Protein chains: 2
Amino acid sequence: MSKNSTIKDIAERLGVSKALVSFVLNGKSEEKRISEKMTKKVLDMAKKMNYKPNYLAKSLRTGKSHTIALIIADISNPFFAKFARYIEIEASTYRYKVIFANSDETKEKFAAELEVFKNRQVDGFILIPPIGSEDELVKLQKEKIPFVVVDRLFKSVSTHTVTINNFQAGYEATLRLLQNNRKNIAIINVNNQLFTMQQRVKGYRKALLQNSVDVKSGLIKHLKFSHDKNSVLKAIQQVIQQGADGILFTTSKLAMLGFECFSELGVNIPKDIAVISFDDMDAYKVTFTPISAVVQPIANMSKEAVRILMKMIEGKYGKGEYENIMLDVEFVYRASCL
Amino acid sequence: MSKNSTIKDIAERLGVSKALVSFVLNGKSEEKRISEKMTKKVLDMAKKMNYKPNYLAKSLRTGKSHTIALIIADISNPFFAKFARYIEIEASTYRYKVIFANSDETKEKFAAELEVFKNRQVDGFILIPPIGSEDELVKLQKEKIPFVVVDRLFKSVSTHTVTINNFQAGYEATLRLLQNNRKNIAIINVNNQLFTMQQRVKGYRKALLQNSVDVKSGLIKHLKFSHDKNSVLKAIQQVIQQGADGILFTTSKLAMLGFECFSELGVNIPKDIAVISFDDMDAYKVTFTPISAVVQPIANMSKEAVRILMKMIEGKYGKGEYENIMLDVEFVYRASCL
DNA sequence: TTAATTTGCTAAATCGATTAAGCTTAATTA
DNA sequence: TAATTAAGCTTAATCGATTTAGCAAATTAA
């Protein structure tokens, strides 16, 4: 590594002090009353020597790493990948870099990644915490480390959050299925310990009750995070047995697995069963039947999350003052439930 | 931030030197002849004071940041997201963290991201460089910064590379289409300035020629990176006009857009046109017709890439000694071309 | 003419680690 | 008993920046 030039090098070449060089390079010439002539000399020399600041040194001294960490469940899941993408875009507008890790939706990995990133002195976190990570969030708060929770919400701990209106989304999606003359609407859900997911189901219930449709427990299926095609298949078979003519999938991962099952079972969408899925996928336009979806405003969520985090890093929130942004979703209706 | 305890704090509490504490905490007690008793005392105190090393300081001093940077085109593209996922997994086995950025397939952004990461003293790069970034690669080499190029290959500059056998993949995919009795096989391609893509087309040509099928230039379509549905639509309409009964898409993004077009055009897959796509997607199992695909061994590619990069970081390659790993692809044949 | 102020710059501490070199004792050897 | 060697630590420099406090010369004010 052909040794980068440092402030010291520049100072020596110019026969001035390191402080002066540092002031100039940080645009503090005016403030520090460095003469224009000297300012120019330093700037020219810096350019000539191809000076690049060492951010490690800078960060060590200032205590700011200009890096935020993003912990999601799994970047290879398109829903999370989109978050990563938009958060990177937003962060870059603040000249921040993003470092990421996957929790695989386990609180152990989540806690471990938090530790690692704390040691690396990230300035803050954007988190999609797995079930049961309340303690970790409380710990972060005690340590006064800035963070924003996205997509989820933990009732027992107040934090900054950016979520969608899951209740409303579940409610409206179910209404749409009702409008399609479906009488036996099932909901296939996952990670129901998450408030986010509970709200989706709550919205579903409200839509049914409001329309005088009985809520049948046999039509409500909760799967574990570690679900595979088989568990989805079982759930689908069971709700079909109960006479389901409509299904609301609360995640696209569930839905994608579900579609495989439909093909295998010879179920026709939407004739036999109308379908709506949370999270719009590119795939939904080209599935055997195009799929209707609840579209989460991921770009906007990312924008809000980064905005709040930056404000937090700058210490601009009072103690106990938290923003809880709740955004509306949109819907795209395709042949699976027009 | 409740001020983390430092080595200095531990040393003071124990009335010993910082050096001693550092030695113990780095497991060098034996080597540095620190007594067992003292070692235990330090370890206990570190635990008691909840000591967490400051990696910025560590990195500044040692010149190793234990971070690698990954620059891809776009993390929200599932193909790249998978790379990110696997590279993170592999890096973590070496206790390395991954920091990433999207180039959007432009060499300007690519160069800018490289700069930023260099300033942040990453230990090395895993790169999927956009068209025309040879100069940047050469620059990295001059600066002796470790990097590995993945998925692509630039003939004018020798580097470590991990790619698939694109020629073979294009060849075999085309063969399969021929075996399906397709006589007018089209190839819809993108970014043809990339060697990777050229090889896929070359494989396609060879398969045709070997089977005495004329290569018709009207059946070969090259799109620009910034392609949208319209450009794909145009390409599809043109090859259909030329009597195409089979299409090989050289990326899944092209294919996904293509499938939308097929629906709109009322083209039946595989009756009218047989289809194979590079890169297997989750979606391909649930498309109107399940899609056959060239499956890239992304996990393996990531493994090799990280292995090489680590070896490079440890300085274990001789000057001008480069590994060029070329992995075989697999195929999954579904109804679109059985 | 002297004191006060301003201008333009420097010295040195600091961030939190690592590490080469050296300094006391105690133990061993001659 | 004196000279070596080893054991067990410590000192201080260093990585590459930032930043507080202060100094000398030039300028202005009284």
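The model shown is predicted, which means the values in this text are computed figures rather than measured ones. Convention: sequence-line order gives letters A, B, ...; per-chain numbering from 1.
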Need one value for [X]: base, sugar-phosphate or nothing, where a base atom within 4.0 Å counts as base even if backbone is also close, heavy atoms only.
X	result
B:Phe23	base
A:Lys8	nothing
A:Ser22	base
B:Leu60	base

Give a yes/no on whether any side-chain N or O of A:Thr62 is located under 4.0 angstrom from OP1 or OP2 of D:dA17. no

Reckon A:Lys18 has a side-chain N or O less than 4.0 Å from the OP1 or OP2 of D:dT18? no

Nearest to the [X] side chain among [options], which nucleotide is it?
X	options	result
A:Lys28	D:dC15, D:dT19, C:dT18	D:dT19
A:Asn54	D:dG16, D:dT10, C:dC9	D:dG16
B:Tyr51	D:dT18, C:dA17, D:dG16	C:dA17

Inspect the contact between B:Glu134 and B:Lys155 and indicate whether a charged nitrogen and a carboxylate oxygen are less than 4.0 angstrom apart. no

Picking from A:Lys41, A:Lys47, A:Lys40, what satisfies side chain to side chain contact (heavy atoms under 4.5 Å, CB included) with A:Asp44? A:Lys40

Should we count NZ of A:Lys52 as having more than 12 external heavy atoms under 6.0 Å? yes

